Engineer: 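Could you have a look at this structure, given as structure tokens, before my questions?
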Amino acid sequence: MSKGREGPAAGGAAAVLLRYLREQNRPYSAQDVFGNLQREHGLGKAAVVKALEQLAQQGHIREKVYGKQKVYFADQEQLPAASDAELRGLDGEIAALSAQLQALQQGCRQMEAELRELSGSMTTPEMAREVEELRKDCAGYADKLERIKSATNHVTPEEKEKVCSEQRLYCKEWRKRKRMATELLDAILEGYPKSKKQFFEEVGIETDEDHNVTLPAAV
């Protein structure tokens, strides 16, 4: 009696699976078929596996083995051949879908670029804090500028030019005297038996370098 009940059930499962594979016309594993049809037809996984194997043995569908997994798909020779008009229609549909896909991909790239730009930008609270800090800085600089403008100890252009002129004169004299001293010391050191450093120590000469003083560049 159990066999009598199993036969129709198995036959019904095979018919459902054969129709499904032909309609979809793409490869599926037994797990895929079970997952796709279990809710609608209430097929058990064991029934699905058995029906697929039977259909493959009977030549209604094809079976391919990839490692430990089997894949089932409709026998292409048993499917009706498409007419030229149908093929042209499919080609047109493929072209339209390809154009739609390219447009969607372009849109995705633009949105991803915008997302990256926004991700690198400050948030609204961060911008508000930045604006507040800039306002405080501006207020501080404005106050400092006002104090400078209101100060009474400004240096006039004439006074500045006088100071710069005196600096140039003193630097020129400094440079001149240093050159004269260097020439005189070089002449003495030609007949001095010791080193230049020992001579300076004995005489008590201190150089600009000893005091980290640098002669300003000529202007």
Side-chain angles (χ1 to χ4, degrees), residues 24 26 28-29 31-32 35-36 39 89-219:
Q24 300 299 319
R26 54 169 293 182
Y28 286 105
S29 67
Q31 180 63 39
D32 293 333
N36 294 341
R39 179 176 297 180
L90 290 173
D91 290 338
E93 185 178 353
I94 291 173
L97 290 174
S98 297
Q100 183 180 359
L101 175 62
Q102 291 180 358
L104 290 173
Q105 289 175 336
Q106 179 65 23
C108 287
R109 286 192 290 268
Q110 292 177 352
M111 295 182 69
E112 288 173 352
E114 293 178 3
L115 178 60
R116 287 194 296 269
E117 183 177 355
L118 291 174
S119 298
S121 303
M122 290 189 295
T123 63
T124 301
E126 290 174 341
M127 294 179 69
R129 288 193 294 270
E130 181 71 13
V131 169
E132 185 62 26
E133 290 296 328
L134 291 174
R135 285 175 177 170
K136 291 180 180 178
D137 292 342
C138 288
Y141 287 127
D143 183 64
K144 182 178 180 180
L145 179 61
E146 189 62 30
R147 290 198 304 270
I148 293 174
K149 288 181 179 180
S150 61
T152 58
N153 59 346
H154 292 298
V155 177
T156 64
E158 293 77 12
E159 293 173 329
K160 178 181 178 181
E161 178 57 31
K162 179 181 178 182
V163 172
C164 292
S165 178
E166 290 177 352
Q167 182 195 30
R168 289 192 293 270
L169 177 63
Y170 296 148
C171 289
K172 180 179 179 181
E173 191 66 23
W174 182 0
R175 194 174 290 105
K176 176 182 176 181
R177 295 190 180 191
K178 184 172 184 177
R179 182 174 63 253
M180 293 172 59
T182 300
E183 293 174 354
L184 177 61
L185 292 172
D186 289 341
I188 295 174
L189 289 171
E190 288 181 359
Y192 187 71
K194 298 180 182 179
S195 66
K196 180 178 180 179
K197 181 179 180 180
Q198 290 175 320
F199 174 72
F200 281 12
E201 290 177 352
E202 290 180 2
V203 178
I205 297 176
E206 295 181 355
T207 65
D208 295 338
E209 291 75 17
D210 292 335
H211 295 276
N212 296 320
V213 176
T214 303
L215 180 64
V219 179

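All figures in this text were calculated on a predicted structure; none of them were measured in a lab.
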Engineer: Enter the distance from F199:CZ to L189:CG here, rounded to the nearest 0.5 Å.
Structural biologist: 5.5 Å
Engineer: If you count the non-hydrogen atoms of other residues, nucleotides and ligands that lie under 6.0 Å from CE in M122, is the total more than 12?
Structural biologist: yes
Engineer: How close do R109 and Q106 get, counting heavy atoms only, and between which atoms?
Structural biologist: NH2-OE1, 2.9 Å
Engineer: Would you give the length of the straight line joining atom CG of D32 to atom CZ of R26, rounded to the nearest 0.5 angstrom?
Structural biologist: 7.5 Å
Engineer: Report the distance from atom CD of E183 to atom CD1 of I188, rounding to the nearest 0.5 Å.
Structural biologist: 12.5 Å
Engineer: Within the distance-only criterion (no hydrogens, no angle test), does the side chain of D143 pair as donor or acceptor with the backbone N or O of G140 below 3.5 angstrom?
Structural biologist: no
Engineer: For a side chain to side chain contact (heavy atoms under 4.5 Å, CB included) with Y170, tell me which candidate from Q167, E166, E173 qualifies.
Structural biologist: E166
Engineer: With a 4.5 Å cut-off on side-chain heavy atoms, are E201 and K197 touching?
Structural biologist: yes
Engineer: Nearest 0.5 angstrom please: L101 CG to I94 CD1, how far?
Structural biologist: 12.5 Å
Engineer: On a heavy-atom basis, which atom in W174 and which in T214 lie closest, and how many Å separate them?
Structural biologist: CH2-O, 4.1 Å
Engineer: What are the two closest non-hydrogen atoms of I205 and L185, and how far apart are they?
Structural biologist: CD1-CD2, 3.6 Å
Engineer: Donor-acceptor check, side chain of S165 to backbone of E161, threshold 3.5 angstrom: yes or no?
Structural biologist: no
Engineer: Counting only heavy atoms not in E117, do more than 12 fall under 6.0 Å of its CD?
Structural biologist: no
Engineer: Kindly indicate, with the supporting measurements, whether the criterion side chain to side chain contact (heavy atoms under 4.5 Å, CB included) is fulfilled by K162 and E159.
Structural biologist: CA-CA 5 Å; K162 179 181 178 182; E159 293 173 329; 5.6 Å; no
Engineer: Between OH of Y141 and CG of L134, what distance do you get to the nearest 0.5 Å?
Structural biologist: 10.5 Å
Engineer: Just verifying a value: how many Å separate T124 OG1 and R129 CZ, rounded to the nearest 0.5 Å?
Structural biologist: 10.5 Å
